[in-house]
Amino acid sequence: MAVKPPRWYFSLRSPYSWLAYRELTENAPDVADAIEWRPYWEPDEVSERMLADAGIHLPYVAMSKEKHFYILQDVKRATIERGLSVVWPIDTAPNWDVSHLAYLVAEDAGRGRDFIDAVYRARWENGIDISERATMAAIGHELGLDPDALAGAVDNPEIRRRGIEALRAVDRDGVFGVPFFIHRHDKFWGLDRLSGFVASVRARTRTAAMEQRENDRGVEPALLVPAGDAGHAGGCG
């Protein structure tokens, strides 16, 4: 069986995913380029019905008021520690399919990471509602993408179907929160586990490079064991 590539699950909704995105792209761009980027979101009613019809159940639990207040404090601490500022958005009628299905459209155009960057800036630095179709259209204009295609992604049956496939991957990988990182058999949940994931991926990359050099020289490669934090604990949801 082929080994699955290292991957991370992000949510455009999550402040912890936003912080993980910044750390990953700014401090570990080599790892960011070497892994798969997979979206995770809480589906709307249409996607919920499609998931149910497909026999897929996501382990999502609605956030309590107490946890919400804690996250407000925790994210404030985390941003101050990193020299960042956050503008907490007000989600009047959140529909996370709007932005995450639009991401699939941007990814098709080869601008997935640019789209993620633009959405995170809109949501966490400017407090803009990313459940609004107009926001997706504006980001489309900013990136030189078709604004109607981004804004109307939720109305596109093919994009809806692919969204269900993306959430099926969430189910198969046992993802229960974000950010969530997977490397081989090891899972890392939470912003505080990003460093362990990065170390694990880099160690495996070094091992593969050394084995390739040994193979090129016609020498049997030595047994090399990847290093890194293989823990599963995390502190975010």
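The existence of a salt bridge linking E165 and R162 is excluded, since no basic side-chain nitrogen approaches an acidic carboxylate oxygen closer than 4.0 Å. In this structure, D186 does not pair ionically with R193, as no charged nitrogen and carboxylate oxygen lie closer than 4.0 Å. Taking a cutoff of 4.0 Å between a charged side-chain nitrogen and a carboxylate oxygen, R82 and E23 qualify as a salt bridge. Using a 4.0 Å cut-off between a side-chain N of Lys or Arg and a carboxylate O of Asp or Glu, D117 and R113 do not qualify as a salt bridge. Between E125 and R121, none of the side-chain N atoms (NZ, or NE/NH1/NH2) sits under 4.0 Å from a carboxylate O, so this pair counts as no salt bridge. A salt bridge links D74 with R77: the closest approach of a Lys/Arg side-chain nitrogen to an acidic carboxylate oxygen falls below 4.0 angstrom.
Rounding to the nearest 0.5 Å places CG of L101 at 7.5 Å from CD1 of I159. Within the model, atoms CG of D33 and OG1 of T25 stand 10.0 Å from one another, a figure rounded to the nearest 0.5 Å. Here the CG atom belonging to L51 is positioned 8.5 Å from the CG atom belonging to D171, to the nearest 0.5 angstrom. Atom OG of residue S17 and atom CZ of residue F180 lie 12.0 Å apart, to the nearest 0.5 angstrom. Atom CG of D146 sits about 9.0 Å away from atom NE2 of H141, to the nearest 0.5 Å. Y21 contributes atom OH, which lies 8.5 Å from atom CH2 of W8 (distance to the nearest 0.5 angstrom).
Side-chain contact check for E107 versus F115: every heavy-atom pair is 4.5 Å or farther apart. Counting only heavy atoms from C-beta outward, the side chains of V31 and L24 approach each other to under 4.5 Å. Counting heavy atoms from C-beta on, the side chains of S131 and W96 come closer than 4.5 Å. For the pair L145/V105, no side-chain contact is recorded, criterion being any heavy-atom separation below 4.5 Å from C-beta on. The shortest side-chain heavy-atom distance between W88 and P15 falls under the 4.5 Å cut-off.
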Item to check | Full working for side-chain contact (heavy atoms from CB on, under 4.5 Å) between T79 and L19 | outcome: CA-CA 8 Å; T79 53; L19 293 172; 4.1 Å; yes

Next on the checklist: Assess the residue pair R13 and V178 against the criterion (side-chain contact (heavy atoms from CB on, under 4.5 Å)); give the C-alpha distance rounded to whole Å, side-chain angles, the decisive distance to 0.1 Å, and a yes or no.
Outcome noted: CA-CA 10 Å; R13 168 194 62 80; V178 286; 4.0 Å; yes

Checklist entry - Going through the distances and angles, do K187 and D173 end up as a salt bridge (Lys or Arg N to Asp or Glu O under 4.0 Å)? => result CA-CA 9 Å; K187 296 180 178 181; D173 270 339; 5.9 Å; no

Item to check | side-chain contact (heavy atoms from CB on, under 4.5 Å) between L12 and Y120, intermediate numbers included | outcome: CA-CA 7 Å; L12 300 170; Y120 277 146; 4.1 Å; yes

Checklist entry - Under the salt bridge (Lys or Arg N to Asp or Glu O under 4.0 Å) criterion, do D155 and R133 qualify, and how do the steps go? => result CA-CA 11 Å; D155 300 323; R133 294 174 184 239; 2.6 Å; yes

Next on the checklist: Please evaluate residues R22 and L84 with respect to the criterion side-chain contact (heavy atoms from CB on, under 4.5 Å), reporting the C-alpha separation (whole Å), side-chain torsions for both, the decisive distance (0.1 Å), and the verdict.
Outcome noted: CA-CA 11 Å; R22 292 190 61 114; L84 302 172; 3.5 Å; yes

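When all heavy atoms are compared, the tightest approach of R160 to V154 is NE-O, 3.0 Å. When every heavy atom of P43 is checked against every heavy atom of L58, the shortest pair comes out as CD-CD1, 4.0 Å. The two atoms that bring A137 and P147 nearest to each other are O-CB, 3.4 Å, heavy atoms only. Closest heavy-atom contact between P6 and H183: CB-CD2, 3.7 Å. Contact between D97 and S47 at its shortest, heavy atoms only, is OD2-OG, 2.6 Å. The two residues S200 and F188 have their closest heavy-atom pair at CB-CZ, 4.1 Å.
Grouping the Ile, Leu, Val, Met, Phe, Trp and Tyr side chains by contacts below 4.5 angstrom, directly or via other members, places Y70 apart from I80. Under the 4.5 Å side-chain heavy-atom criterion for Ile, Leu, Val, Met, Phe, Trp and Tyr, V86 and F69 are members of the same hydrophobic cluster. Note on L143: it clusters hydrophobically with V119, by side-chain heavy-atom contacts below 4.5 Å among ILVMFWY residues. There is a path of hydrophobic side-chain contacts, each under 4.5 Å, that joins F176 to Y40. Both V75 and M63 are part of a single hydrophobic cluster, where members link through side-chain heavy atoms under 4.5 Å apart.
Annotation: E158, atom CD; neighbour count of heavy atoms from other residues, nucleotides and ligands within 6.0 Å is above 12.
Applying the salt bridge (Lys or Arg N to Asp or Glu O under 4.0 Å) definition to pairs two or more places apart or across chains, those involving residues 84-94 are D91-R123.
Of the residues listed (Y16, W41, Y103, F181), the one engaging F10 in a ring pair (Phe, Tyr, Trp, His ring centres under 6.0 Å) is Y103, and it is the only one.
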